[in-house]
Amino acid sequence: MAAVHNMEISWALRELADILEFLGEDFFKVRAYRRAAKIIAGLERPAEELYRQGTLGKIPGIGRNILAKIGELLTKGEMEKLKALRQEVPAGILEIMALPGIGPRRARFLYEQLGVTSLEELERAAREKKVRALKGMGVKTEMEILRSIELVRRRQGEVLLPLARELARELAECVREAPGVLAVSVAGGVRRWQETVGEILLVAAAKGAEPVLGALAAHKRVREVAWQGNGGIRVQTWWGVPVELRVVKPEEYGVALVKATGSEEHCARLFALARRKGVSPEDLLFPPAAGDATQPVPEFPGAPLPQAEQEVYRRLGLWPVPPELREGGEELEAAVRPEPPRLIEPGDIKGDLHVHSDWSDGASSILQLVQRAKEKGYRYIAITDHSRSLGVARGLSLERLEEQHRFIRELNEKEKDFRVLTGVEVEILPRGGLDFPEEVLAGADVVVASIHSGFRQDRETITGRLLEAIKNEHVDIIAHPTGRLLGEREAYAVDMERVLEAAAKYGKILEINSSPDRLDLDPHYARLARQYGVKVAINSDAHDLRRLDEVVYGVAVARRAWLSPEDVVNTMDLPDLLKILGRS
DNA sequence: GCCGTTTTCGGCCCGACTGTTTTCAGTCG
């Protein structure tokens, strides 16, 4: 593992971009840094490796300057320019600039007019009604600022799942290699595939705790030790996520993993059940079996559980409950039944119905996407680039769309056992209606419709736009139905029950968007979808090759919603799928 | 900042929405 993680390089570049933007630097320069940050974050291999090989600078978007800055970070541990700029700009201003509705200009204006350099100071100024007095700002802006600050506060300390998984993987590896460790596993929200987490829990089995605790404390990602003792340690990391490790005696491993993985509710009910059944704590002691330590952070939802943990559930007369279900709902009642539900697994997915290519704002060519889809074992993939009105995403004009569909049809003539579906992600326009005329939509294999504008419209308006799209006979799938961006933007005001009702009536599919910052539908609505008889599609919405793999996050959402393969359209073989899409 | 190869300088990003305003600046996707 590289010493400097790709994420860390990406963060540094992004911070550089933010500061330069605040300072009023040229738009294109700022964008260049942002692009580079995104490119580095999307790399499949450590940038450090590529840098040493001399191939990092060959990637489009990484030019001489940015390459040199990355080099500095890799060799000296910091970027000179970033260090210097940090002196110039108080860190809190970047937080102000990150508020929705506040860009570089307003952040600068607030700073100059009110002298605010942090969220706290801005909040005070807003409460004292000083913001509304400024030129160009009013009561609404002031209220909006207070609301956004509230939102930021609430999500503080929560990170998206992929970041937590990455950190957990590194630290678990380190623990596994510590002396005397028999097994280690991540637990808690990460293991339950919760969408965001506030901490990472690790459980290890070892004869002696001290050397194991010491190994974690000495890890390079660890910033400081919060506490240590009694077989446990809690540390703060440089990535901002606290990590707690519990080291238990080998025979306690299974039950310790159960306790550390389930929600409080799940565990309380589980151990109440044990008492009712007269199962003593001694009856629940199971040491790790051979092979229990193979994968500390499960690679995909539905991965096999450690034997020691399975034994705990079996001893209580239950089938081993998958971590994604351990939320304290009805999973324990369900688990007394002889057969566990057949939850969807990544291997059930036969294709992706929402993918962007370099024809619009994707980074990869159609051929690359097709190649990767085949490698993943898919039978089909739909290329669904943006429609014309989404300018920033280089939305396709009518002519470009037709050209692309011609290209794809020609491609299919050479394909055997694989089908590239023509598609489009068509804008649901702010005033209602769709961005392409009927006859164009009629010509596509898959029409994905979604909202990218007018997020702040009222409930009636937004719901109305979605209902209109659902009623359109050519629309197949509503993508990211609530529009939320985790940690950035709340869902728009939508009456999801009416949307589901309409989707059921018109036979439309709702998406579980697998992007880790969307996960939209969420488990609650995904489950509701099934109750309404609405099928879902688990799509990646990938903008590059690597993100095709994010579909596991969507599968995790579906599992958390108790969905089976038959609830999900892209588990179907092509003929059945085409039938559902009305294209057979 | 990056890129190109009719190149080493000029193009790259644009339309819509929002809140504040009577004509527009700032923000966003």
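The chains referred to below are lettered A, B, ... by the order of the sequence lines, with proteins before strands, and numbering in each begins at 1.
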In whole angstroms, how far is the [atom2] atom of [N] from the [atom1] atom of [X]?
| X | N | atom1 | atom2 | result |
| --- | --- | --- | --- | --- |
| A/Ile62 | B/dC2 | CD1 | P | 8 Å |
| A/Ile145 | B/dT18 | CD1 | P | 18 Å |
| A/Met137 | B/dT18 | CE | P | 18 Å |
| A/His386 | B/dG29 | NE2 | C1' | 9 Å |
| A/Glu144 | B/dT20 | CD | P | 10 Å |
| A/Phe455 | B/dC28 | CZ | P | 11 Å |
| A/Leu429 | B/dC17 | CG | C1' | 13 Å |
| A/Ile40 | B/dC2 | CD1 | P | 12 Å |

Please state the [atom1] separation for the pair [N] and [M] - nearest whole angstrom.
| N | M | atom1 | result |
| --- | --- | --- | --- |
| B/dT27 | B/dT20 | P | 13 Å |
| B/dG11 | B/dA16 | C1' | 24 Å |
| B/dT23 | B/dC17 | C1' | 16 Å |
| B/dG29 | B/dC13 | C1' | 12 Å |
| B/dT6 | B/dC2 | P | 22 Å |
| B/dG10 | B/dG26 | P | 28 Å |
| B/dT8 | B/dG1 | C1' | 15 Å |

### Pairing nucleotide - B/dT8, Watson-Crick or G-U, each distance under 3.5 Å
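The base-pairing partner of B/dT8, which may sit in any strand shown, does not exist here.
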### Task
Could you say whether A/Thr141 or A/Gly63 is positioned toward the 5' end of DNA chain B, judged by the nucleotide with the nearest heavy atom to each?
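Its nearest nucleotide lies further toward 5', so the answer is A/Gly63.
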Side chain of [X], heavy atoms from C-beta onward: which of [options] has the nearest atom to it?
| X | options | value |
| --- | --- | --- |
| A/Arg106 | B/dT20, B/dT27, B/dG1 | B/dT27 |
| A/Lys140 | B/dT20, B/dG29, B/dT18 | B/dT20 |
| A/Gln457 | B/dT18, B/dG1, B/dT20 | B/dT18 |
| A/Pro104 | B/dC17, B/dG1, B/dT27 | B/dT27 |

Listed partners of [X] passing salt bridge (charged side-chain N to carboxylate O under 4.0 Å, His left out), at least two apart:
| X | result |
| --- | --- |
| A/Arg35 | none |
| A/Asp476 | A/Arg583 |
| A/Asp567 | A/Arg530 |
| A/Arg388 | A/Asp435 |

### Query
Do side-chain atoms of A/Glu8 reach the backbone of A/His5 as a donor and acceptor pair under 3.5 angstrom?
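Yes; judged by distance alone, with no hydrogens or angles, the pair exists.
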### A/His543 (side chain) donor-acceptor with A/Asp541 (main chain) under 3.5 angstrom
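It does hold such a pair.
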#### Entry: B/dC24 phosphate, OP1 or OP2, under 4.0 Å from A/Lys135 side-chain N/O
no
### Query
Can you find a side chain N or O atom of A/Arg132 that sits less than 4.0 Å from OP1 or OP2 on B/dG19?
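No, A/Arg132 has no side-chain N/O under 4.0 Å of OP1/OP2 on B/dG19.
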In residues 496-506 of chain A, what donor-acceptor pairs under 3.5 Å come from side-chain atoms, sequence neighbours left out?
residue  : atom : partner  : partner atom : Å
A/Glu497 : OE1  : A/Tyr532 : OH           : 3.0
A/Arg498 : NH1  : A/Glu460 : OE2          : 3.4

Would you mind classifying the nucleic acid contact of [X] as base, sugar-phosphate or nothing, using non-hydrogen atoms under 4.0 angstrom?
| X | answer |
| --- | --- |
| A/Arg489 | sugar-phosphate |
| A/Ile451 | nothing |
| A/Ile102 | sugar-phosphate |
| A/Leu67 | nothing |

### Query
By a strict heavy-atom criterion of less than 4.0 Å, which residues belonging to residues 82-90 of chain A are in contact with DNA chain B?
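Output list: empty, so none.
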### Task
Kindly write out the residues that satisfy side chain to side chain contact (heavy atoms under 4.5 Å, CB included) with A/Glu403, not counting sequence neighbours, or none if the list is empty.
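Partners of A/Glu403 by the side chain to side chain contact (heavy atoms under 4.5 Å, CB included) criterion, ordered by chain and then number, come out as A/Trp359, A/Arg400, A/Arg406.
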### Where at least one partner belongs to residues 86-104 of chain A, residue pairs that pass side-chain hydrogen bond (donor to acceptor under 3.5 Å, both in side chains), sequence neighbours excluded
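Pairs touching residues 86-104 of chain A that pass the test: A/Glu15-A/Arg86.
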### Nucleic acid footprint by protein, nucleotides 8-16 of chain B - heavy-atom cut-off 4.0 Å, B for base, S for sugar-phosphate alone
----BB--S
### Query
Would one find more than 12 heavy atoms of other residues, nucleotides or ligands at under 6.0 Å from atom CZ of A/Arg105?
no
### Heavy-atom closest contact (A/Ser360 atom, A/His356 atom, distance)
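The answer is OG-ND1, 3.8 Å.
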